[in-house]
Amino acid sequence: MSDLAKAYEPQAVEEKWYAQWEASGCFKGVLPTEPGVEPHAITIPPPNVTGVLHMGHILNNTIQDILTRRARQQGKAAVWVPGTDHAGIATQTRVEKKLRAEGKSKWDLGREGFVEEAKKWRDEHGGIILKQLRKLGASCDWDRTVHTLDEGYSRAVLTAFVELYHKGNIYRGKRMVNWCPKSLTALSDEEVIMKPQKGFLYKMKYAIAERPGEFVEISTTRPETLMGDTAVAFNPKDERYTHLHGLHAVRPFPQANIPFVLDEHVDMEFGTGMLKVTPAHDRADLEIGQRHNLEVIDVLTPDGKINCPETPELHGKDRFEARKLAATMLEEMGLLVEREKYENNVGFSERADVPIEPRLSDQWWMKYPKIEEAKQVVRDGKIKFYPERWTKTYLHWLDNIQDWCISRQLWWGHRIPVWYAKGVDRENLTDEDLRDESKVWVSVFPPNDPENWEQEEDVLDTWASSWLWPYAVFNPDYEGKLRFRKVGEIVSEKYLQDVRLKVFAGMVENLRPDSRNPDYVRDISLAKGDGAGPKIEYRFIELEKLADSEQNEKVRELKFWYPTQALATGPDIIFFWVARMIMAGLEFMGEVPFKNVIFNGIIRDAQGRKMSKSLGNSPDPLDLIEKFGADGLRLGMLMIAPKGADILFSEDRIQSGRNFCNKLWNACRFRLMNEPEGSEQIKGKKLKLKSILERLEFDKFDADDHAILAKLLDALADYDASFETFEFNRTTDTLYNFFWNDFCDWYVEVSKSKAQSDSLRGNCLAIQDLCLRSVIQMLHPITPFITEELWSTLDFGEGFIHETKIPTAADLRAQLSAVGVTLDQAAIIEVEKLQDFVNQARALKVQYTLSAKNDVTFFLIADEADRIIVDSHKEKLRKLAGAGAIEPRDDVQNMPAVVSKLGTLYLDLAGSVDAEAERAKIDKQLIQLDKAIKGAEAKLGNDKFVNNAPAEVIDGVKATLADNKAKAEELRKLKAGLGA
RNA sequence: GGACGGUUAGCUCAGUUGGUUAGAGCGCCUCGCUUACACCGAGGAUGUCGCAGGUUCGAGUCCUGCACCGUCUACCA
């Protein structure tokens, strides 16, 4: 008898199995010892180290876990590499906040002290999310956990910087950047979010210096930058203003004459067609300024306050306060024409959520490498996007790509590996200076004489480290022991690739003496070609390799796992990661980083609003796991996630995930309850596939047995297909339909009568075992805990469930046929007839409010063939329909009846028929049928249809027409039998 | 301003290359603790497939236009 609890209780099961999995080391990605084993690697899109698990992570990581677990079931070598990124701004903000609470600032600690403090914070409070992922069941190879600031990973980051620098992809330049006045750093365009803002369009007038009493009207949203105006511009085509050419406008404060300039950029239609030009504070204005050699006057401090001592009323005021004040000042001077309510788009800092400030500053920029190739691999399908339509967004971004501002004015991050010789004027470095290693030192490791140098203060954008993730995570943190021998060869790019591989693998530390330890070599030194051709040549120092098996192992690791199989992420991350990772992979590995990109929708609340802390509409996933079980939550999420579209989340909607688990649990429990007393089948480990197959008795198969196994094979095939295109919705649909509708609602029900028969029981239970075993295998990647538990309880195989290879539909079909079982697809149709028979009978009873258990008598009028079918399934039908007896008759009068696919059923009600109601019921059906019959007849009477439509369609219409006519005729007879 | 996606039952969504009477889950109504499961079972109601044209023997499906919703993108101050 069963020793399973009546309802599935996930908590204990989940804890038990996760502990066993981890203890066994089965999540570890290990290189196969035999040839021919396929790799399956996924690297987690590294979550922010300050982050905690939210609903988006649940879906995203469930998908990665499903793919990884399935790969294991398919006998592949699978690895899922976890990790976190260091989240420059977010972490630094947290640590500064903590210091502030202690009454300190980062300046008190100094750079090194602060970084130490941040590390401490990270180690104590960071990476919570990785612990939480274990609760979800994530089968990551935890030993491989990587953090972007790890030594090994950092080596890859700096190496990439140095290479790109020497290739000319990275440069320093004074440009307009997105400045965050709160975080006090530059941001890339991708980190700026445009938001519509309500404000005013201030219309003001400037006097014309040369024409006293005359004014021009100018519109602006930012009067507080007026002090930085160095010109007023209008379009050269604008005839209204041509007379102003060569004249000056009077800037009100600090008062000055500024020239009118003619520039195409000015839109004649907008406002008065007159534009104030503030080169220091507007991207377009800066360009105008450059075209007309205008002075650039910066009137803002880095933290967004006015810096203009000449205008003491505004000096030191916050930019938004100053905006109002400046307008008031204009008003008082009689220069403000009006304040018009106005809405425009303003860029906000993604992290700090304050308006960014266009600001001219020295920054490091990256000209992206391999842009064309990155487009090509996606166009060619070398990398596939699911859903495919996101390729358009991807290509569009690459078509319009701008150089990437990769420097950040932070302390927490990879400090840019550039050193300036002391005394060198950093502000005015020429290209030649930059190539002069006595002035600028760009290298993974510091110069030999650090006392004569000053390192660049800025760190790299976090994304400029995590874009290397798909290969750099395989970079072991290993102190290599290699020596160099010889200098001065020229090598090819291909050769360099190999060297780089070794560097990443820790085999080569460097090709340059390391000042800290002269025994070590520490850098690849690259030199740009002399410009003669596009081919770049590298100065190279040959290596003396120390034979070291562990080091070789690392190279093999990288070569084996890379390219990875898939990246699972949200479409909002296409620019941040997908595109950049592809470019990095192509540049540094010479190969794409992943073959598939799976985009999951964004999770919203039931009203369609994005989840956010301030709305409080974001449930804690751990609470949900508590409530529904990790399996229930995982399954529930997949069930409600439409492919590629956003997900409207509500707890009600994921309940079905938990319910499904419970149903599975109980089906297995019921199976155990049906095990005959004293049977050794389960306890004796006899439910392995081979022994189940041997227990099948093909000579005892009836239509139900054929049908359920045929459907099982269909389900398996559909299941496999759903993985080809990552349609997890379809996966769960297939499983749900097969397991719940076909197996539980029908096959288990018909089994109940078979199980009473000693001769039928064995075969029937073997079929149940095969179905349950297959369902549990198919479900395992989605709901790992419960399936592991049931696999073990029912003794379906040795070891963990994933250690047994999951068969494909074709495999299973072949194995069935090997034991003499060949399935008759036609049985499915017979079973549909049986089901119709049962449904009709039940419906008939319900209409007369007879309870299901009330065993009534049915009379049946049917033709010979149908009678035979009914007869051969009589026991099951009786039980399912709730009939004491089903008696064949030739004629029945005056009883409620229904026309089924296996004949007309009459309910023996001993004359208590409501003839009126019966006739109404029949009429309703007749109306529908007549409509269908007329439609079909019209079709068949139409020569064009008969001539054009394919034969099977015509036959189908004919067959249905015949069925409908027969049914209609039957109904008319019934109606007549009810009297007038 | 561009680009992309969506509009099918009360809600959330499926609907393969046009083809027989358009489906599922949830919710709703009625009944039911029948040898697993009330996290369950039985039965039931519910659709002008956004609108308007077009192609076709045949359109939820293809074409054109429009409307509305959503997302991304853009230097109109």
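A, B, ... follow the sequence lines: proteins, then strands. Residue 1 opens every chain.
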Would you indicate, yes or no, if [N] has its OP1 or OP2 atom less than 4.0 angstrom from a side-chain nitrogen or oxygen of [X]?
X	N	result
K203(A)	A77(B)	no
N942(A)	G58(B)	no
K663(A)	C40(B)	no
N948(A)	U56(B)	no
W397(A)	A74(B)	no
K392(A)	C72(B)	no
Y342(A)	C76(B)	no

Nearest whole Å is fine: how far is [N] [atom2] from [X] [atom1]?
X	N	atom1	atom2	value
Y8(A)	C40(B)	OH	C1'	19 Å
N400(A)	A74(B)	CG	P	8 Å
F576(A)	C72(B)	CZ	C1'	13 Å
H396(A)	G1(B)	NE2	C1'	12 Å
F200(A)	A77(B)	CZ	C1'	17 Å

> Which of parallel (below 30°), tilted (30 to 60°) and perpendicular (above 60°) describes F723(A) and F728(A)?
Replying inline: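 F723(A) vs F728(A) ring planes: perpendicular.
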> How are the rings of F726(A) and Y386(A) set relative to one another: parallel (under 30°), tilted (30 to 60°) or perpendicular (over 60°)?
Replying inline: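 Perpendicular: the ring planes of F726(A) and Y386(A) meet at over 60°.
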Answer with base, sugar-phosphate or nothing: what part of the nucleic acid does [X] contact at a heavy-atom distance below 4.0 Å?
X	answer
E749(A)	base
C744(A)	base
N345(A)	base
P571(A)	nothing
A936(A)	nothing

> For RNA chain B, what is the dot-bracket line, given that a base pair needs Watson-Crick (N1 to N3, plus N6-O4 or O6-N4) or G-U wobble (N1-O2 and O6-N3) geometry with both distances under 3.5 Å, and | means paired with another strand?
Replying inline: (((((((..((((.....[...)))).(((((.......))))).....(((((..]....))))))))))))....
Which nucleotide in the set [options] lies at the smallest distance from any side-chain heavy atom of [X]?
X	options	value
Y736(A)	C4(B), C26(B), U71(B)	C26(B)
K944(A)	C57(B), G43(B), C39(B)	C57(B)
L275(A)	A77(B), G41(B), C37(B)	A77(B)
A843(A)	C76(B), G44(B), A36(B)	G44(B)
R389(A)	G5(B), U73(B), C57(B)	G5(B)
K6(A)	A77(B), A42(B), A38(B)	A38(B)
F575(A)	G19(B), G43(B), C72(B)	C72(B)
K939(A)	C39(B), U21(B), C37(B)	U21(B)

>> Quick check on RNA chain B: between K958(A) and F270(A), whose nearest nucleotide comes earlier from the 5' end?
In response: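 Looking at the nearest nucleotide for each, K958(A) comes out on the 5' side.
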>> Using heavy-atom distances to pick each residue's nearest nucleotide on RNA chain B, tell me which of E952(A) and R842(A) is more 5'.
In response: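 With R842(A) and E952(A) compared, the 5'-side residue is E952(A).
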> Is it true that a side-chain atom of D631(A) and a backbone atom of P10(A) form a donor plus acceptor pair closer than 3.5 Å?
Replying inline: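 Such a contact is absent between D631(A) side chain and P10(A) backbone.
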>> Using modelled atom types and a 3.5 Å cut-off, is there a donor and acceptor pairing between side-chain atoms of D718(A) and backbone atoms of T731(A)?
In response: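 No, the answer is negative, given that no donor and acceptor are paired below the 3.5 Å cut-off.
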> Is the count of non-hydrogen atoms from other residues, nucleotides or ligands lying under 6.0 Å from Q402(A) atom CD greater than 12?
Replying inline: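 No, the 6.0 Å shell around CD holds no more than 12 heavy atoms from other groups.
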>> Going by the rule salt bridge (Lys or Arg N to Asp or Glu O under 4.0 Å), which residues pair with R878(A) if we only count those two or more places apart in sequence or in a different chain?
In response: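 Residues passing salt bridge (Lys or Arg N to Asp or Glu O under 4.0 Å) with R878(A): E875(A).
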>> Taking atom types as they are modelled, would you say the side chain of N964(A) forms a donor-acceptor pair with the base of U21(B) within the 3.5 Å cutoff?
In response: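 Such a pair exists between side chain and base.
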>> With heavy-atom distances below 4.5 Å as the criterion, would you say the side chains of M55(A) and M637(A) are in contact?
In response: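 Counting from C-beta outward, M55(A) and M637(A) do come under 4.5 Å.
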> ring-ring contact (aromatic ring centres under 6.0 Å, His included) with W577(A): which residues, sequence neighbours excluded?
Replying inline: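 W577(A) satisfies ring-ring contact (aromatic ring centres under 6.0 Å, His included) with W463(A) once adjacent residues are dropped.
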For residues 927-940 of chain A, which side-chain N or O atoms pair as donor and acceptor with protein atoms under 3.5 Å away, sequence neighbours left out?
from    : atom 1 : to      : atom 2 : distance (Å)
D930(A) : OD1    : R972(A) : NH2    : 3.2
D930(A) : OD2    : R972(A) : NH2    : 3.1
E937(A) : OE2    : K965(A) : NZ     : 3.2

Shorter than 3.5 Å, N or O on both sides, protein versus nucleotides 11-15 of chain B: list them out with atom names.
from   : atom 1 : to      : atom 2 : distance (Å)
U12(B) : O2'    : R653(A) : NH1    : 3.1
U12(B) : O2'    : R653(A) : NH2    : 2.3
G15(B) : OP1    : K643(A) : NZ     : 3.3

>> With side-chain hydrogen bond (donor to acceptor under 3.5 Å, both in side chains) as the rule and sequence neighbours excluded, what pairs involving residues 274-285 of chain A come up?
In response: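 Qualifying pairs: N178(A)-R283(A), T225(A)-K276(A), D229(A)-K276(A), D229(A)-T278(A), K276(A)-T278(A), H281(A)-D298(A).
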>> Quick test of your reading of the model: are K876(A) and E749(A) salt-bridged, counting only N-O distances below 4.0 Å?
In response: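 Salt bridge flag = no for E749(A) with K876(A).
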